[in-house]
Amino acid sequence: MLKIRVCATSANLSVGFDVLGLALDLKNEFSFKPANEFSFIGFEDQYCNEKNLVYLGYCATFKKANKKPVPVQMGFSGNIPISRGLGSSSSLLVAGVFAANEYLNHHFNKEELFNICVELEGHPDNVAAAIYGGLVASYFDGKKYHGITYEVSPQLKFNVIVPPYEVSTVAARSVLPRKIEYNNIVYNLSRMIHIPLAFKTGDMKLLKVLFDDKLHEPYRENLVPDFRYYKDNLKDCAVALSGSGSSIFVIGNMDPSILKKGHILYQLPIGSEIEIRKEEENERGLFNHS
């Protein structure tokens, strides 16, 4: 049996639209066991079929290798909130892609797997953080994507506020403008370039200044009506939408008493890279870890 754990991710980090991602230590867990036919355990009934994102990632990777997929029983235990801007769907694709590569005897290297995930996801920020862990900035060289990881100060405190409503990625993308003014692009670039330094040094004063986006958050605010409340009231913290929402990402020492009713607070350490573990069944039917 193959077991895979993938961290939650917070993408964009305010001014790093479709570029920056941060892994957080809240994990979805997956299992894969060879079988006579594909089957699904732990998923909602509506996803126990070929629309399942783990299945799609798995089969797409075999297709890239020009190989027929090995049927498996796919197991799932979910801890990442769904449709809340925390990379839940990305974790499913990443798990499927990396599981397939194990059954392909490591046909692809890590960067190639990253690019398969980007192709399926459509943008690199979430999958990069889910694969590499920590703080990751992605770029495209004209042929393929690359992810660069940056050091994160252990002094930084990461919080995620999860409201009791969802925001779909499709809806969040639909409200973005087709044209962007150059002064807003420059405004964001002048801040994004300093994000890695602020994360490395744990400079909260600088992070609060840098977390001021003009490319996507102003247009998505109406989809997350509580965003402005937290942005205005958490004066000593850096506050951003997590991905496209509805979750709100907060850096700093946050007072839980500020939470609105029905909102859930996660206080999370930084997340690690994808974890892959093989287990072999012995004569007693127990599993040995490798």
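For the numbers below, each heavy atom of this structure counts, side chains included, while hydrogens, waters and symmetry mates do not.
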Is any side-chain heavy atom of [Y] closer than 4.5 Å to one of [X]?
X      : Y      : value
Ser91  : Phe30  : yes
Thr61  : Phe108 : yes
Leu104 : Lys67  : yes
Asn159 : Leu265 : yes
Phe249 : Leu13  : yes
Leu93  : Val127 : no
Val72  : Phe38  : yes
Leu26  : Cys7   : no

Problem - Listed once per pair and sorted, the ring-ring contact (aromatic ring centres under 6.0 Å, His included) pairs that draw on residues 164-188, sequence neighbours left out - result: none
Check whether the side chains of [X] and [Y] place a donor and an acceptor atom closer than 3.5 Å, and report yes or no.
X      : Y      : value
Asp141 : His146 : yes
Thr9   : Asn126 : yes
Ser242 : Ser10  : yes
Asn188 : Asp213 : yes

Taking every non-hydrogen atom, the tightest pair across [X] and [Y]:
X      : Y      : answer
Ala171 : Leu223 : O-CD1, 3.9 Å
Ser138 : Ala128 : OG-CB, 3.4 Å
Phe227 : Ala240 : CE1-C, 3.6 Å
Gln73  : Ala35  : N-CB, 4.0 Å
Ala129 : Ala23  : O-CB, 3.5 Å
Ser244 : Val167 : O-CG1, 3.6 Å

Applying the 4.5 Å side-chain criterion to the ILVMFWY set and letting contacts propagate, would [X] and [Y] be lumped into a single cluster?
X      : Y      : value
Leu268 : Ile161 : no
Leu189 : Ile180 : yes
Val160 : Val152 : yes
Val136 : Leu113 : yes
Leu215 : Leu22  : yes

Is any side-chain N of the basic residue among [X] and [Y] closer than 4.0 Å to the acidic one's carboxylate O?
X      : Y      : result
Glu181 : Lys214 : no
Lys3   : Glu102 : no
Asp25  : Lys27  : yes
Arg84  : Glu166 : yes
Glu119 : Lys64  : yes

Practice task
Kindly compute the distance separating CG (Asn253) from CD (Gln267), expressed to the nearest 0.5 Å.
Solution key: 9.0 Å
Practice task
Any chance you could measure Thr169, atom OG1, to Glu121, atom CD, to the nearest 0.5 Å?
Solution key: 7.5 Å
Handout entry: Over 12 non-hydrogen atoms of neighbours within 6.0 angstrom of CD in Gln155
Key = no
Exercise for the section: Would you please test His263 and Tyr230 for side-chain hydrogen bond (donor to acceptor under 3.5 Å, both in side chains) and show each step? Expected result: CA-CA 12 Å; His263 292 202; Tyr230 289 112; 2.9 Å; yes
Completion exercise
Residues at least two apart in sequence or cross-chain that pass ring-ring contact (aromatic ring centres under 6.0 Å, His included) with Phe17, listed by chain then number, are His216
Practice task
Verify ring-ring contact (aromatic ring centres under 6.0 Å, His included) between Tyr47 and Tyr55, making sure each step is shown before the conclusion.
Solution key: CA-CA 10 Å; Tyr47 299 120; Tyr55 175 86; over 10 Å; no
Which pairs of donor and acceptor atoms, one on a side chain in residues 200-209, lie under 3.5 Å apart (sequence neighbours left out)?
residue	atom	partner	partner atom	Å
Thr201	OG1	Leu197	O	2.9
Asp203	OD1	Lys205	N	3.2
Asp203	OD1	Leu206	N	3.0

Exercise for the section: Indicate the ring-plane relationship of Phe114 and Tyr132, choosing parallel, tilted or perpendicular according to the 30° and 60° boundaries. Expected result: perpendicular
Practice task
Mind telling me whether Tyr58 and Phe62 have parallel, tilted or perpendicular rings, with 30° and 60° as the class edges?
Solution key: tilted
Problem - Leu92: which of Val6, Leu53, Ile80 passes side-chain contact (heavy atoms from CB on, under 4.5 Å) - result: Leu53
Problem - Check: Tyr219 main-chain N/O paired with Asn222 side-chain donor or acceptor under 3.5 Å - result: no
Problem - Residues Asp226, Lys231; criterion salt bridge (Lys or Arg N to Asp or Glu O under 4.0 Å); working and verdict - result: CA-CA 9 Å; Asp226 297 300; Lys231 187 83 170 175; over 6 Å; no
Practice task
Assess whether salt bridge (Lys or Arg N to Asp or Glu O under 4.0 Å) is satisfied between Glu29 and Arg277, documenting all intermediate values.
Solution key: CA-CA 11 Å; Glu29 301 182 1; Arg277 185 178 69 187; over 6 Å; no
Practice task
Examine Lys260 relative to Tyr229 and say whether NZ or CZ is less than 6.0 Å from the centre of the six-membered ring and inside a 45° cone about the ring axis.
Solution key: yes
